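Contents: one structure, followed by commentary.
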Amino acid sequence: ILPSRIMIAKRPRISFRNVFELDQDELIRDIVKKTVEVKVNEMQTLVKNILFAKERENVERKLAFSAVARENITLKEKNTVVARENLMLKEENTALTRENSTLKEENREISFLKVKNTLLSRDNSTLKEENTNLKKEKIAVATEISTLKEEIIAVGRENKTLKEESIGVARENLNLKKEKIAVATENSTLKEETIAVGRENKSLKEENTTVAGENSTILLKLLVDKERQIKDLETQISSLKNEESKLNNEQKCTVCCDEMPETKRKSTSVGNPRKRAKSSLSDNEKADKKATAGGSKKLKKKISRSVGIKKAKKKESNTKLKNKKSTSTGAEKVKKKSITGYTAPVELSSQLAAIVGGYAMPRHEVVKRMWDYIKENNLQDPEDKQMVICDWKLSLVIPVERFRGFGMSKYLKQHMSGWNATFVNR
């Protein structure tokens with residue numbers, strides 16, 4: 001590509017006449033040779049110039065490096081001198097610091113000794129006062145020991161009396177156990193008797209029901225018979241009334257009878273046999289009606305009374321049985337409740353018993369009495385009422401200065417043991 005451009009750029013000026021006369025190949029070769037030679041010469045001169053410049057730079061660099069190396073050597077020598085001086089200064093500083101530390105320690109010891117002297121003087125004065133107080137306390141302790149010895153002797157006597165009383169109580173407990181066994185046997189016999197009585201009551205109830213049914217059937221039969229008799233009598237009375245009406249129609253002297261005086265009427269009525277029969281019949285019928293009506297009413301009243309009495313007796317017997325069952329079940333429930341887990345009595349340690357006032361009681365009762373003791377002695381913290389401050393009695397049970405009142409049970413577990421039948425018997 002380059003030769004063509006050169007060829008175009010540096011083509012000799014040839015007239016149009018001579019172009020066709022010369023050879024084109026030779027011309028091109030000449031032009032190319034000339035251009036290549038020119039370019040090669042230019043490139044050689046450039047390369048020479050570049051190499052010469054680089055050699056100069058290398059020389060300058062070497063000179064610069066040699067100067068820097070000399071400076072570095074001088075600086076190293078100076079640094080070594082400075083390092084030696086620094087070491088000397090450091091050694092001097094360490095010696096000075098050691099001397100300062102020793103002086104400070106000596107000052108501290110002197111101040112400490114001064115404080116000790118002041119404290120010892122104070123301690124001597126306090127010890128003197130304590131010695132005087134101890135002498136007084138010794139005298140008081142000696143008097144207290146004498147009183148305590150006397151109290152111990154009295155306590156020993158009381159212990160002997162208490163042992164004798166405990167022996168008597170143990171004997172009483174044995175007697176009570178024997179009595180309980182006898183009562184248990186009696187209760188078993190009474191239960192058997194109640195079972196037998198219940199069976200008899202059932203049989204009596206069945207008999208009463210059968211008798212009541214029979215009585216009701218008999219009374220119904222009687223009522224039915226009486227009603228039939230009453231109906232028959234009513235039919236007879238109606239027939240007699242019809243006959244009377246017929247006879248009155250046949251008689252034509254009704255008006256005369258009405259105008260006649262009463263004496264004549266009586267004589268006529270006495271004289272008439274039909275009227276006599278009618279009057280006697282009417283009187284008898286009226287008496288029968290009254291008797292039947294009164295009898296039916298009396299029978300109804302008697303029946304109602306007998307039925308009411310039987311119902312009342314049944315109610316009384318049912319109430320008695322219910323009362324017996326309720327008393328028996330109530331006693332059993334009480335026994336069961338007294339033995340169940342939460343209400344069961346628990347053995348307590350002597351430390352806890354001294355606060356609570358008993359060696360056996362349920363857990364809830366123990367907690368209740370503990371709260372009573374805390375409130376009586378004002379052991380609650382005034383700033384936080386949930387917290388309780390231990391006194392010497394509580395510290396035997398709960399070995400802590402302060403504790404939360406609602407977390408008391410975890411400390412009380414250690415002073416409680418399982419349920420025991422001997423404490424229940426007590």
Side-chain angles (χ1 to χ4, degrees), residues 115 119 122-123 125-127 129-130 133-134 136-138 140-141 143-145 147-152 154-156 158-159 161-163 165-166 169-170 172-173 176 180 326 329-426:
V115 172
L119 292 169
R122 288 176 187 175
D123 290 330
S125 61
T126 53
L127 286 168
E129 291 174 357
E130 285 177 359
N133 292 321
L134 285 168
K136 292 176 182 178
E137 286 175 359
K138 280 180 182 179
V141 167
T143 54
E144 286 177 359
I145 287 162
T147 54
L148 286 167
K149 283 178 181 178
E150 292 174 357
E151 287 177 358
I152 288 160
V155 168
E158 287 177 358
N159 286 323
T161 54
L162 287 168
K163 282 179 183 178
E165 287 176 359
S166 63
V169 168
E172 287 176 359
N173 286 323
L176 287 168
K180 281 181 181 178
S326 65
T329 53
E332 287 174 358
K333 282 179 184 177
V334 169
K335 285 178 183 177
K336 284 179 183 177
K337 279 184 181 179
S338 63
I339 294 165
T340 51
Y342 189 66
T343 57
V346 177
E347 289 182 19
L348 307 177
S349 65
S350 59
Q351 292 88 356
L352 207 155
I355 296 166
V356 174
Y359 284 92
M361 59 182 70
R363 287 181 172 83
H364 61 88
E365 189 67 24
V366 172
V367 175
K368 186 182 175 184
R369 291 193 183 184
M370 286 288 286
W371 274 112
D372 292 335
Y373 176 80
I374 288 160
K375 287 175 182 176
E376 282 175 4
N377 295 307
N378 293 321
L379 298 175
Q380 285 179 315
D381 193 354
E383 293 178 357
D384 188 3
K385 292 285 184 180
Q386 290 184 356
M387 301 302 290
V388 178
I389 299 162
C390 289
D391 61 349
W392 67 274
K393 265 190 182 180
L394 270 176
S395 62
L396 295 172
V397 178
I398 300 166
V400 179
E401 290 181 359
R402 293 170 78 253
F403 66 94
R404 194 173 288 282
F406 295 107
M408 194 191 298
S409 57
K410 66 182 178 183
Y411 296 109
L412 298 177
K413 280 179 187 177
Q414 299 172 1
H415 296 272
M416 292 180 185
S417 58
W419 175 76
N420 195 352
T422 56
F423 282 92
V424 177
N425 292 325
R426 282 180 201 171

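Everything quoted here is computed from the prediction, not taken from an experiment.
Considering CG of Leu348 and CD of Glu365, their distance stands at 10.5 Å, rounded to 0.5 Å. Expressed to the nearest 0.5 Å, how far CD of Gln414 lies from CD1 of Ile398 amounts to 9.5 Å. Taken from CD in Gln386 to CZ in Arg402, the straight-line distance is 11.0 Å, to the nearest 0.5 Å. Within the model, atoms CZ of Arg122 and OG1 of Thr126 stand 10.5 Å from one another, a figure rounded to the nearest 0.5 Å. In this structure, CD on Glu144 lies 9.5 Å from CD on Glu137, to the nearest 0.5 angstrom. Atom NZ of Lys393 is separated from atom CG of Leu352 by 11.5 Å, given to the nearest 0.5 angstrom.
Panel note: side chain Arg404, backbone Met387; no donor-acceptor pair is recorded below 3.5 Å. Under the 3.5 Å distance criterion, the side-chain polar atoms of His415 are left unmatched by any main-chain donor or acceptor of Gln351.
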From CA spacing to verdict: side chain to side chain contact (heavy atoms under 4.5 Å, CB included), Ile374, Met408: CA-CA 12 Å; Ile374 288 160; Met408 194 191 298; 3.8 Å; yes

Evaluate the criterion side chain to side chain contact (heavy atoms under 4.5 Å, CB included) for residue pair Trp371 and Gln380; output intermediate values, then yes/no. CA-CA 10 Å; Trp371 274 112; Gln380 285 179 315; 3.6 Å; yes

Take Leu412 and Val397 through the test side chain to side chain contact (heavy atoms under 4.5 Å, CB included) and record every step on the way to the result. CA-CA 7 Å; Leu412 298 177; Val397 178; 4.0 Å; yes

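The two residues Ser166 and Lys163 have their closest heavy-atom pair at OG-O, 2.5 Å. Counting all heavy atoms, side chain and backbone alike, Thr343 lies closest to Pro362 at O-CG, 3.5 Å. When all heavy atoms of Gly358 and Ala353 are compared, the pair lying nearest together is O-CB, 3.3 Å. For Cys390 against Ser395, the heavy-atom pair with the smallest separation is CB-N, 4.2 Å.
Using bins of under 30°, 30° to 60° and over 60° for the plane-to-plane angle, the ring pair Tyr411/Phe403 lands in the perpendicular bin.
Side-chain contact between Asp391 and Tyr373: present, with at least one pair of heavy atoms (C-beta onward) separated by less than 4.5 Å.
Exactly one residue among Glu347, Met361, Arg363 makes a side chain to side chain contact (heavy atoms under 4.5 Å, CB included) with Met416. That residue is Arg363.
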